[in-house]
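Taking it in order: structure first as structure tokens, then the write-up.
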Amino acid sequence: QVQLVESGGGLVQAGGSLRLSCAASTSTFSIKLMGWYREAPGKQRELVATVTSDGNTNYADSVKGRFTISGDNAKNTVYLQMNSLIPEDTAVYFCEALVTPRTARSPTYQYWGQGTQVTVSS
């Protein structure tokens with residue numbers, strides 16, 4: 001099992017910044033990738049950014065240049081620094097982890113956090 005605990009959401013004015021954190025707890029899996037998705041009211045969950053265990057990052061076009069994802073492998077924690085926030089960034093942000101068993105390279109399992117609300121006021 002993998003538990004993901006998110007923190008850092010809240011209410012901020014447009015142009016402001018927030019930093020999200022997600023800590024993964026596991027004793028039996030190796031974490032291959034962690035990332036953030038978001039789900040706005042009436043919309044499908046969408047990718048925000050991901051980072052692999054070897055540091056490769058991927059961003060949605062809508063957040064490039066404004067958001068930065070980083071990971072701390074020693075702490076099994078991923079961070080999302082969000083700058084220049086706009087009202088369209090308002091959503092519930094979910095942490096994701098892709099993991100494999102420590103004793104094998106497959107299969108890959110996907111886990112989700114409970115979500116944290118980010119609200120950007122205009």
Side-chain angles (χ1 to χ4, degrees):
Q1 281 288 352
V2 178
Q3 287 190 323
L4 301 175
V5 179
E6 300 144 332
S7 60
L11 173 65
V12 65
Q13 288 188 333
S17 299
L18 284 174
R19 188 188 193 214
L20 305 183
S21 300
C22 175
S25 298
T26 178
S27 60
T28 57
F29 290 97
S30 296
I31 297 174
K32 300 304 179 184
L33 175 149
M34 293 186 74
W36 291 94
Y37 285 69
R38 66 188 181 186
E39 192 170 312
K43 295 187 177 181
Q44 290 188 334
R45 189 172 298 189
E46 62 177 6
L47 168 75
V48 177
T50 61
V51 59
T52 66
S53 57
D54 54 7
N56 292 317
T57 59
N58 181 45
Y59 293 92
D61 288 342
S62 59
V63 306
K64 284 180 181 177
R66 300 188 297 121
F67 291 10
T68 302
I69 191 169
S70 60
D72 185 334
N73 290 339
K75 296 181 179 180
N76 284 345
T77 299
V78 65
Y79 306 95
L80 184 69
Q81 178 66 43
M82 304 185 293
N83 298 328
S84 302
L85 284 160
I86 59 178
E88 289 75 16
D89 294 320
T90 296
V92 178
Y93 284 69
F94 294 91
C95 177
E96 176 213 28
L98 296 181
V99 305
T100 56
R102 289 188 186 277
T103 58
R105 294 186 177 183
S106 63
T108 299
Y109 298 96
Q110 182 183 51
Y111 287 89
W112 293 98
Q114 79 283 359
T116 185
Q117 178 69 47
V118 171
T119 302
V120 184
S121 62
S122 57

Quiz item: Does the pair Glu96 and Gln110 meet the rule for a side-chain contact (heavy atoms from CB on, under 4.5 Å), with working shown?
Solution: CA-CA 7 Å; Glu96 176 213 28; Gln110 182 183 51; 2.8 Å; yes
Taking atom [atom1] of [X] and atom [atom2] of [Y], what is their separation to the nearest 0.5 Å?
X	Y	atom1	atom2	value
Leu11	Ser121	CG	OG	5.0 Å
Thr26	Ile31	OG1	CD1	6.5 Å
Asp89	Ser62	CG	OG	7.0 Å
Ile86	Ser122	CD1	OG	11.5 Å

Compute whether any side-chain donor of one residue and acceptor of the other, for [X] and [Y], lie under 3.5 angstrom apart.
X	Y	result
Asn83	Ser17	yes
Gln117	Thr119	yes
Asn56	Asn58	no
Gln44	Glu39	no

Check whether any side-chain heavy atom of [X] sits under 4.5 Å from a side-chain heavy atom of [Y], and report yes or no.
X	Y	answer
Gln1	Tyr111	yes
Val118	Leu18	yes
Met82	Leu20	yes
Trp112	Arg45	yes

[X] (side chain) donor-acceptor with [Y] (main chain) under 3.5 angstrom:
X	Y	answer
Asn76	Ala23	no
Thr90	Val120	yes
Tyr59	Ile69	yes
Arg66	Ser84	yes
Glu6	Gln114	yes
Arg102	Ser27	yes

Exercise. Given side-chain contact (heavy atoms from CB on, under 4.5 Å), test Val51 with Val78 step by step and report yes or no.
Key: CA-CA 8 Å; Val51 59; Val78 65; 3.8 Å; yes
Exercise. Apply ring-ring contact (aromatic ring centres under 6.0 Å, His included) to Trp36 and Phe67, showing your working.
Key: CA-CA 11 Å; Trp36 291 94; Phe67 291 10; over 10 Å; no
Shortest non-hydrogen separation from [X] to [Y] and the atoms involved:
X	Y	value
Thr100	Lys32	OG1-CE, 3.0 Å
Pro87	Ala14	CD-CB, 4.2 Å
Ala97	Met34	CB-CG, 4.2 Å
Leu4	Gly113	CD1-N, 3.6 Å

Practice problem: Begin from the C-alpha positions of Val48 and Tyr93 and carry the test side-chain contact (heavy atoms from CB on, under 4.5 Å) through to its verdict. | Solution: CA-CA 9 Å; Val48 177; Tyr93 284 69; 4.0 Å; yes
Quiz item: Do Ser70 and Gln81 pass the side-chain contact (heavy atoms from CB on, under 4.5 Å) test, and can you show the C-alpha distance, the side-chain angles, and the key distance before you say yes or no?
Solution: CA-CA 8 Å; Ser70 60; Gln81 178 66 43; over 6 Å; no
Quiz item: Does one hydrophobic cluster hold both Leu47 and Tyr79, with members joined at side-chain heavy-atom distances below 4.5 Å?
Solution: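 Unlinked, Leu47 and Tyr79 end up in two clusters.
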Quiz item: With a distance cut-off below 6.0 Å to the six-membered ring centre and an angular limit of 45° from the axis, does Arg38 pair with Phe94 as a cation-pi contact?
Solution: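 No, Arg38 does not lie over the aromatic ring of Phe94.
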